[in-house]
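Order of the sequence lines fixes the chain letters, A, B, ..., with proteins taken first and strands second; residue numbering starts at 1 for each chain. Treat the numbers as computed from the prediction; the structure is a model and nothing was measured.
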Number of protein chains: 2
Amino acid sequence: MSEDSGPPTSRRAGGTGQRSGTTRRRGRRPAGQDTRAALLDAARVEFTERGFDGATVRAIAERAGVDPAMVNHWFGGKDALFVAALQIPVNPDELVPQLLAGDPGQLGARIVRRFVTVWDATDGGPFVALLRSVSSHEGAARMLREFIARVVFGRVVSTLDTDNPELRAALCATQVAGLGMVRYVIRLEPLASADHDTVVTAIGPTLQRYLTGDLEPPSSGM
Amino acid sequence: MSEDSGPPTSRRAGGTGQRSGTTRRRGRRPAGQDTRAALLDAARVEFTERGFDGATVRAIAERAGVDPAMVNHWFGGKDALFVAALQIPVNPDELVPQLLAGDPGQLGARIVRRFVTVWDATDGGPFVALLRSVSSHEGAARMLREFIARVVFGRVVSTLDTDNPELRAALCATQVAGLGMVRYVIRLEPLASADHDTVVTAIGPTLQRYLTGDLEPPSSGM
DNA sequence: GTCTATACAACGATAGAC
DNA sequence: GTCTATCGTTGTATAGAC
């Protein structure tokens, strides 16, 4: 993930005296990166808790312990900070191979288990933020769409050599997204508090059918 | 600000430009002009396009052609207007019996077909608004949760006399919500443009299993 | 005449920009 | 840090229905 979008100004140490008054310090300025990382962390918390509109630049800066002007300086504005902060808590480069390793007949179960394990770790907070983003921010839906189609389920389905790979990927997305919505956003019981085994047992077969099963009605011979 | 030095507040807007054309006079309007309904319509548009936070009372009132104070007068505030405007485009009192009528083995298919039929009619707009509401407004998630659990799937599942009725209802909610999310919000192809038969054939069996099927792993004899 | 739906004005709070 | 715009809300005068 490119977490490296510097400020509009040059990032060369000798180019601009970023602060420190008139003293021009050559070389090291690691403090700036700390400020940027602190803003990202604070932004994730605030965006998670308040949504895009509800999260204020002031609150984010205050949480990060820096001046609100730093948001503009490092990211160019609230939108850019939002985009930078919206990172999915998994690394698909290693996620997909891990899912594909093992019994192909249990692939659906592994996906479900991984999903609840990842998101339960943060109580679903980032998932709620993601949902907010998708439904309220213009580019977020497109971003998530391409992420799902190309990176996550696209890679998984493409290795299975089945018919209708795109449809299968989309179907998987429906079940996984719906699980996250009900468990983390709507928090509908008993699913919201169900242990992982229960969830995997109930929903794993659905994913498995979408991945490798027959999508035609069982009585129809095509 | 004790003194408003700006030009907008001319003490008594006596002779200066009154609103050209249709002067919104004070006092009771002639019968037949339903301010309440106009506000509801405007609120749905605004909430759909801007989300709960983004939609302002002022903008809603302007769209309705009335004074912002009317929101308070008729609904008690923005929240109450939001709740009133958030109407699900189905009547569960007649929806559930219609779903239950017919072959029980095709119940899942009927639910899916009804779902896409209802929401396709509005291109999913209200669904997106609903998702925004759920993820950004505190009471919306609770409202939707109770609606799903008690009114929709709760009634359906309770007539089936199966084990784990609450879990089955929640599982149904995951698949239906996820379908709506992928089809109407993320708009992931080919599912976003798939015809009803394709969707029903692919997802109907999932609902059917959640409703009446075995939720234990098929290979396990326990 | 009474009631009420309505418009106008203004307030306190707060966000984002400069 | 300051400044400005705008938010949701409230008070009140008024005009028309009853």
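Ring pair A/Phe127/A/Trp119 is perpendicular by interplanar angle, where above 60° counts as perpendicular and below 30° as parallel.
Taking atom CG of residue B/Leu39 and atom C1' of nucleotide C/dA7, one finds them 13 Å apart after rounding to whole Å. Atom CD1 of A/Ile60 and atom P of C/dA17 are 12 Å apart (whole Å). Summarising the geometry, the separation between CD on A/Glu62 and C1' on C/dT14 is reported as 13 Å, rounded to the nearest angstrom. D/dT6 atom P lies 15 Å from atom CD of B/Glu46, rounded to whole Å. Whole-Å rounding puts the B/Phe75 CZ to C/dA5 C1' distance at 14 Å. Distance, B/Met70 CE to C/dA9 P: 15 Å, rounded to whole Å.
Within 4.0 Å of B/Ala55, counting heavy atoms only, lie sugar-phosphate atoms of the nucleic acid but no base atom.
Neither OP1 nor OP2 of D/dT6 sits under 4.0 Å from any side-chain N or O of B/Thr56.
In terms of the salt bridge (Lys or Arg N to Asp or Glu O under 4.0 Å) criterion, residue partners of A/Arg63 (sequence neighbours excluded) are, by chain and number, A/Glu46, A/Glu49. For B/Glu166, the side chain to side chain donor-acceptor pair (under 3.5 Å) test picks out no residue, with sequence neighbours left out. Residues passing the side chain to side chain donor-acceptor pair (under 3.5 Å) test with B/Thr198 are B/Asp195, sequence neighbours excluded. Annotation: ring-ring contact (aromatic ring centres under 6.0 Å, His included) contacts of B/Phe47 (sequence neighbours excluded): B/Phe52, B/Phe82. Scanning for salt bridge (Lys or Arg N to Asp or Glu O under 4.0 Å) contacts around A/Arg187 gives A/Asp123, with sequence neighbours left out.
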I'd like a list of close polar pairs between nucleotides 9-12 of chain D and the protein, N/O only, cut-off under 3.5 Å.
| residue | atom | partner | partner atom | Å |
| --- | --- | --- | --- | --- |
| D/dT9 | OP2 | B/Lys78 | N | 3.1 |
| D/dT10 | OP2 | B/Asn72 | ND2 | 2.8 |

